[in-house]
Amino acid sequence: MEPMKAREHFGSRMAVIMAMAGSAIGLGNIWRFPYLVGQNGGAAFILVYLVACVVLALPVFMAEAIIGRRSGCNSFGAMRVLAPGTRWKWLAMVTVITPMLILSYYSVVGGWSVDYFIKSCAFRFTGDTSGIFGRFISSTWEPLITHTVFMAFTAGIVLLGVKKGIEKFTKITMPMLFVLIVAIVIYGLTIPGSWKGVEYMVKPDFSKLDANVVATAMGQAFFSLSLGVGTILTYASYMQKQENIVTSGVCTASFDLLFALLAGFAVMPAVFAAGIAPEEGAGLVFQTLPFIFSHMGWAGAIVSILFFFSILIAALTSSISVLEVGVAYLVEEKGWTRVRSTLVLALATWALGVLCSLSFGPLSGVKLLGLGFFDIFDNLCSNWLMPFGGLLFSLFVGWKMSKADVRDEFTNGGTRNVGLFNAVYFLLRYVAPVGILVVFVTNLLF
Ligand code: PFF
């Protein structure tokens with residue numbers, strides 16, 4: 001192995017978990033998960049999602065963490081260090097390109113939350129909230145401005161570096177976010193009629209399940225845990241040697257799941273209380289909740305401010321992790337300065353994001369296979385590129401790295417979780433790759 005370069009590290013175990021959970025918990029949990037649950041059969045989707053998390057996503061998480069910490073490098077460099085002279089590093093290019101595609105449309109939705117936070121503060125949600133959302137996303141300038149603001153915030157935090165920026169930011173905001181969402185759930189359950197939403201979240205209707213729903217659940221598991229793009233790998237490379245990968249993985253996945261379920265329980269009961277269809281789609285959080293908040297008087301105004309503030313924080317802690325992957329690559333592989341890498345990448349992804357943003361308005365006529373830019377990017381990344389990246393990482397750890405190295409990293413040199421190793425290694429070597437491939441193929445065929 002090449003000697004590791006001197007690079008920054010997270011200061012403590014708590015900081016690692018907070019930063020990883022900060023990356024994992026984001027729009028995927030609060031905006032995407034509730035509407036996918038609504039579109040794909042409620043509790044039945046949640047069950048498939050849980051299986052995908054445990055059987056596919058968690059092993060891939062471990063694989064990324066093992067590669068990252070073992071190599072102490074960005075995803076491209078990690079392959080160069082751990083598999084010198086092989087073509088693996090070119091495959092790792094997927095993990096440089098995918099994050100940029102993700103960030104481009106992620107920043108657009110991040111911009112929507114900036115806008116909705118501002119609208120909440122100005123008490124602008126009265127009357128036709130669906131119309132407000134429709135007019136907002138189909139306009140040209142307003143979403144572009146908020147997309148720009150969101151991207152600028154993301155770049156600003158990444159510019160500050162790992163310790164001062166990411167670590168400090170996530171350590172304060174994640175516990176705050178948790179408290180806010182719990183408060184919203186409790187509030188929601190007091191609304192008459194909301195228990196139908198709880199029922200929808202816990203009573204499965206298996207007739208809704210098909211290959212596409214399973215692929216969507218798998219994609220959501222990867223999206224939600226930030227997998228297959230090198231984010232967890234890069235963050236794990238900032239972990240100190242005495243930290244344990246299993247603890248970090250299980251804690252991050254549990255927090256992530258908790259937030260997704262909490263977001264579901266914040267959104268669905270409110271949807272049912274208002275008699276709105278759960279299949280509403282991507283606008284669910286942005287249209288339905290303001291409608292409900294607007295009918296709650298002054299309390300609704302406060303809940304609305306808190307809710308969109310939570311979304312904004314969650315989105316930022318995730319977007320910084322996406323940008324960090326590319327920045328780490330440019331700094332370590334190309335020798336660019338942190339400032340130059342951050343600015344160039346932020347600008348390039350911002351430009352792609354402009355296309356995504358305009359695809360709801362002036363560019364709504366530009367379609368490929370019936371999908372606009374935003375939907376193409378979202379579908380391509382979460383349902384294909386992220387699981388594909390996960391497949392590569394699990395194959396790398398399961399088949400390319402030596403079992404002794406993997407065991408050493410997983411068990412902290414034979415001192416921790418030794419009993420768990422064989423089971424996880426089996427999942428990594430066989431179950432995760434085969435599972436991902438089967439979902440790919442069935443999704444293509446049916
Ligand atoms: N996991 C984030 C979310 O649920 O919002 C999204 C995400 C972050 C995806 C980082 C990919 C990534 F690399």
Side-chain angles (χ1 to χ4, degrees), residues 27-50 52 105 108-109 112-113 116 125 128-138 184-185 188-189 191-221 223-224 259-295 307 311 356 359-360 364 367 369-372 374-379 381-383 439 443 446:
L27 294 170
N29 306 61
I30 301 171
W31 159 73
R32 212 167 181 272
F33 182 77
Y35 93 73
L36 289 182
V37 170
Q39 279 182 332
N40 294 288
F45 176 84
I46 297 179
L47 278 181
V48 180
Y49 176 74
L50 286 177
Y105 70 91
V108 171
V109 186
W112 298 352
S113 33
Y116 268 59
F125 296 126
D128 174 22
T129 50
S130 290
I132 292 177
F133 181 73
R135 278 192 298 280
F136 164 61
I137 57 164
S138 60
I184 294 168
V185 172
L189 293 179
I191 312 171
S194 62
W195 283 91
K196 281 218 180 80
V198 176
E199 208 171 279
Y200 185 77
M201 292 281 293
V202 297
K203 271 204 184 146
D205 170 7
F206 290 109
S207 67
K208 290 263 170 71
L209 289 188
D210 58 24
N212 195 269
V213 171
V214 175
T216 308
M218 177 179 81
Q220 174 62 12
F223 188 86
S224 195
F259 270 83
L261 292 175
L262 277 175
F265 280 106
V267 171
M268 274 315 156
V271 167
F272 277 80
I276 289 167
E279 295 86 10
E280 183 77 17
L284 196 67
V285 166
F286 292 96
Q287 296 176 55
T288 319
L289 290 188
F291 172 82
I292 293 153
F293 296 152
S294 73
H295 286 73
F307 189 80
I311 292 196
C356 296
S359 71
F360 292 102
S364 59
K367 296 215 189 288
L369 299 172
L371 300 175
F374 184 98
D375 293 327
I376 292 172
F377 282 25
D378 184 26
N379 202 295
C381 290
S382 52
N383 289 1
V439 179
N443 196 24
F446 299 102

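Nothing here was measured: the structure is a model prediction, and the numbers come from that model.
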Peer 1: Looking at Lys367 and Asp375, is any side-chain nitrogen of the basic one under 4.0 Å from a carboxylate oxygen of the acidic one?
Peer 2: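 No salt bridge links Asp375 with Lys367.
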
Peer 1: Which value, rounded to the nearest 0.5 Å, describes the distance between Lys208 atom NZ and Glu279 atom CD?
Peer 2: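 If I round to the nearest 0.5 Å, the distance is 5.5 Å.
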
Peer 1: Could you grab the distance from atom CG of Leu262 to atom CZ of Phe33, nearest 0.5 Å is fine?
Peer 2: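 If I round to the nearest 0.5 Å, the distance is 10.5 Å.
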
Peer 1: Looking only at the aromatic ring of each residue, does the gap between the centers of Phe286 and Phe136 stay below 6.0 angstrom?
Peer 2: no

Peer 1: Please check if the side chain of Ser194 supplies one atom and the backbone of Ile191 the other of a donor-acceptor pair under 3.5 Å.
Peer 2: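 Yes: the side chain of Ser194 pairs with the backbone of Ile191.
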
Peer 1: Would you say the side chain of Pro278 lies within less than 4.5 Å of the side chain of Tyr200, judging by non-hydrogen atoms?
Peer 2: yes

Peer 1: Name the orientation class of the two ring planes belonging to Tyr105 and Phe223 (parallel below 30°, tilted from 30 to 60°, perpendicular beyond 60°).
Peer 2: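 Ring orientation of Tyr105 relative to Phe223: parallel.
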
Peer 1: Judged by atom type as modelled, is there a donor-acceptor pair below 3.5 Å linking the side chain of Gln220 to the main-chain atoms of Gly28?
Peer 2: yes

Peer 1: Measure from the side-chain N and O atoms of Tyr35 to the backbone N and O of Ile30, and report whether any donor-acceptor pair falls under 3.5 Å.
Peer 2: no

Peer 1: Rounded to the nearest 0.5 Å, how far does CG of Leu47 lie from CZ of Phe206?
Peer 2: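 The CZ atom of Phe206 sits 5.0 Å away from the CG atom of Leu47.
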
Peer 1: So, for Asn383 and Gly219, which heavy atoms are closest and what is the spacing to 0.1 Å?
Peer 2: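 For Asn383 versus Gly219, the nearest heavy atoms are OD1-CA, 4.0 Å.
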
Peer 1: Which atom names give the shortest non-hydrogen contact between Phe133 and Gly283, and what distance separates them?
Peer 2: CE2-CA, 3.9 Å

Peer 1: Grab the two heavy atoms, one from Pro290 and one from Val285, that are nearest each other, plus how far apart they are.
Peer 2: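 Distance-wise, the nearest heavy atoms are CD-O, 3.3 Å.
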
Peer 1: Please report the C-alpha distance between Ile132 and Tyr116 in whole Å, then the side-chain angles of each, then the deciding distance to 0.1 Å, and finally whether the side-chain contact (heavy atoms from CB on, under 4.5 Å) criterion is met.
Peer 2: CA-CA 10 Å; Ile132 292 177; Tyr116 268 59; 4.1 Å; yes

Peer 1: With rounding to the nearest 0.5 Å, note down the distance linking OG in Ser359 to CD1 in Ile137.
Peer 2: 8.5 Å

Peer 1: Which atom names give the shortest non-hydrogen contact between Ile311 and Ser113, and what distance separates them?
Peer 2: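 Nearest heavy atoms, Ile311 then Ser113: CG2-CB, 3.6 Å.
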
Peer 1: Ignoring hydrogens and geometry, is there a side-chain-to-backbone donor-acceptor pair from Ser364 to Phe360 under 3.5 Å?
Peer 2: no

Peer 1: Enter the distance from Lys196:NZ to Met268:CE here, rounded to the nearest 0.5 Å.
Peer 2: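 Interatomic distance, Lys196 NZ to Met268 CE, rounded to 0.5 Å: 14.5 Å.
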
Peer 1: Judged by modelled atom types alone, do Arg32 and Ser382 share a side-chain donor-acceptor pair under 3.5 Å?
Peer 2: yes

Peer 1: Show the nearest heavy-atom pair for residues Met201 and Leu261, with the distance to one decimal.
Peer 2: CE-O, 4.1 Å

Peer 1: If every non-hydrogen atom of Ala52 is compared with every non-hydrogen atom of Ala217, which pair is closest and at what distance?
Peer 2: CB-O, 4.3 Å

Peer 1: Hey, could you give me the CG/CG distance between Asn40 and Leu209, rounded to the nearest 0.5 Å?
Peer 2: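 Here the interatomic distance stands at 9.0 Å.
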
Peer 1: What class does the angle between the rings of Trp112 and Phe374 fall in, given that below 30° is parallel, 30 to 60° is tilted and above 60° is perpendicular?
Peer 2: parallel

Peer 1: Could you please spell out the steps behind the side-chain contact (heavy atoms from CB on, under 4.5 Å) verdict for Val48 and Phe45?
Peer 2: CA-CA 5 Å; Val48 180; Phe45 176 84; 5.8 Å; no

